[in-house]
Every structure is written in C-alpha cells, then in structure tokens.
Amino acid sequence: MKIGIPRALLYYRYGIFWETFFQKLGHETVLSPRTNKDILTKGEQLSIDENCLSTKLFFGHVAALEGKCDYCFVPRIANLGDAGRFCSRFEALPDMCSNMFRDTGLKILRANIDPEQNIPAKRAYLKLAMQLGASREQAQAAYEAGMAAQMEDFRKKIKLNRALLKKEGIKVLVVSHPYNLYDEYIGAPIIKSIRNLDAVPICSDGVDPREARSKSTEIARYVPWVVSRELLGAIQMYRNQIDGIVLITAFPCGPDSMVNEMIIRRISHVPILNLLLDSQDGNAGIDTRLESFIDIIRFRKEVEQ
Ligand code: SF4
C-alpha cells in the first residue's frame, strides 16, 4: 500500500518516525513535494481565511498527494499528557481533511493520539498497524524501529547545534515551530538569509525536548502548549550563548501571539526580531529587516569589545 505523508505541520516533528513505521510494516511512503507556490495557492483556496499560514500549507500538501497514494496519513495528535497540549488545530485536521477532500477520492488514514483520554501514542500506533494488517509483534517492531529513528534524529539536531555554537561569528537563535523553521516558504529563506549575512543560525528545535520543557518554567511558569514550552526552553538553554533571537510566526497564530509577547517582555539582554509571515510576504522586506538586525548586533558587539 502507498501511504502519502503531507510534508507540513507535525511531519517536521514526527516524520522520521512515520516513514520508518510504515516502511517497517511493508508499506511504501510518498512525501508531498517541498512547499512551492502551487501548494500555497491550493492550500489558500481550500482553507478558510482564519486559518494560520502553516495550516493552509498543510491542506496544500494534502492536495499535492491526490492521485499519488492509496491513503493520506492525517493523525489527530491532541496532547502529550503532562508535557502539554498541541495546538487545537491539530485535533481537527483529520475531520477537516475528510470533509475537504470527500469528492476527490483521496482517502484519509487516521490515528487518534490523546494521552489525556488514555490513548497514548504507542497504543494508537499499534492499533493503526494492526488495522493495516500487521500482527501485534510486527506492529511492536515497527513502533520500536520508528522510535529509534526518531531519537537518532533528535540527537543529530542537538549535536549540530552544539557544533554551530562553537563557531566564530554572530549567533542567532531562530525560534519557531519546526514546520515553520524548515518550510521552503516560511523559515528556510530566513535561515538562508541569516547565513548570507555571515551570521550563524541556530534552530530552536535542536534541544532535548524534555529538558527544554522543564527549562521553560524558568521563563514562564505555565504555558499550555507543548511546542511553546520547548521554544521557551530552547531560549532559556541557549540564552547566554547567542547574540540575538529571531522569532518567526505564521499569521495568525494564537499560541505564538501570546508566547512571543512574553519572550519580548522577559528576555531583555539580547536583541529580538519578531517576524510575522503571511502568504502576501515576499522576501525583500524580510531581508532588509534581517540585515538591519544583524548590523545592530554587530554594532553592539563592537561597542562591548
Ligand atoms: S500553533 Fe500556530 S502556527 Fe501552529 S498550527 Fe497552531 S495556530 Fe498554526
């Protein structure tokens, strides 16, 4: 069976697990292409205006899988138990996709992960594997292989950040949800621009997620969202090793509008640039703001020396 995976939202957190899991079960996985103008346009056409840019892109990625797979995998991932909740939009994705694509022939493959309702991830994935015809042993082996691949990926990202922090030059912590950080339309051009300005971008997801969630309480005692906790934790863990922070938000993100405000109020020892992106933005304005931002950091460093 061919299982399509949209290259958007939680793909950038769990994608390696999903690909390994399905492949280990003997299925072929098909990824949607990297974001391009057609994917964005299609996502905007399918979505209501009120959705955030990241969710619009997700729908565009689902559409890009039409005719390319037997099922498109759209799990409902509600929370990580005590570690916090995911954005409520993730809870609605399978229903929204089933409705949106009901006349297209695209079939949605669901999984329901909700530890708060006593459905931990492992149970949900084992159930899904068995629905796809696997034995319990095969399901267990696929789950373990997926987890091992995922852990290895987390370790690689942490190692990369450690190496980047040892480099010479201006270090900028780029803080955003991983699906924004690595998306070709949202974060990737910003990371490239920072490099082109001779600065070193450090991505906020290169941290141990558990440790980051724990560290986040040193900035804000309670934030409901898992990823927001990890972003705050990354800032807390790296705050003395960086020269500036770039916040990237996909308009109109509810969690980021609250958390970014908190970051700006509570982190005062380094300059912060807050970039709010919507589908209208070209790169020219952003490049100019980044250039001024790096100039300010450079100037501060010169004065301090
Ligand atoms: S956290 Fe923000 S960017 Fe992410 S899906 Fe929710 S509203 Fe969109």
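Order of appearance sets the numbers: ligands from 1, and atoms from 1 within every ligand. Below, each value reflects all heavy atoms present in this structure, side chains not excepted, and no hydrogens, waters or symmetry copies. Residues: numbered from 1 along the sequence shown.
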Evaluate the side-chain proximity of Leu31 to Tyr11: yes if any heavy-atom separation is below 4.5 Å, no if none is. yes

Atoms of ligand 1 close to Cys87 [distance to a heavy atom under 4.0 angstrom, numbered from 1]: 1 (S), 5 (S), 6 (Fe), 7 (S)

Please compare Phe90, Phe58, Tyr179, Trp225 and report which has the shortest non-hydrogen distance to atom 1 (S) of ligand 1. Tyr179

According to the interplanar angle, ranging from 0 to 90°, do the rings of Phe90 and Phe86 count as parallel (below 30°), tilted (30 to 60°) or perpendicular (above 60°)? tilted

Are side-chain heavy atoms of Tyr179 and Phe58 found at a separation under 4.5 Å? no

According to the interplanar angle, ranging from 0 to 90°, do the rings of Phe73 and Trp18 count as parallel (below 30°), tilted (30 to 60°) or perpendicular (above 60°)? perpendicular

Residue, atom and distance of the protein heavy atom nearest atom 7 (S) of ligand 1 read Arg89 NE, 3.2 Å

Atom 6 (Fe) of ligand 1 reached by His177 (N, O or S, under 2.8 Å): no

With a 4.5 Å cut-off on side-chain heavy-atom distances among I, L, V, M, F, W and Y, is there a chain of contacts connecting Leu65 to Val74? no

Can you report which non-hydrogen protein atom sits closest to atom 8 (Fe) of ligand 1, along with the distance? Cys52 SG, 2.3 Å

Residue among His177, Arg13, Lys215 satisfying side chain to side chain donor-acceptor pair (under 3.5 Å) with Glu230: Arg13

Considering only heavy atoms of Ser54, which atoms of ligand 1 have at least one such atom less than 4.0 Å away? 3 (S)

Within reach of ligand 1, part of Cys253 (heavy-atom separation under 4.0 Å): both

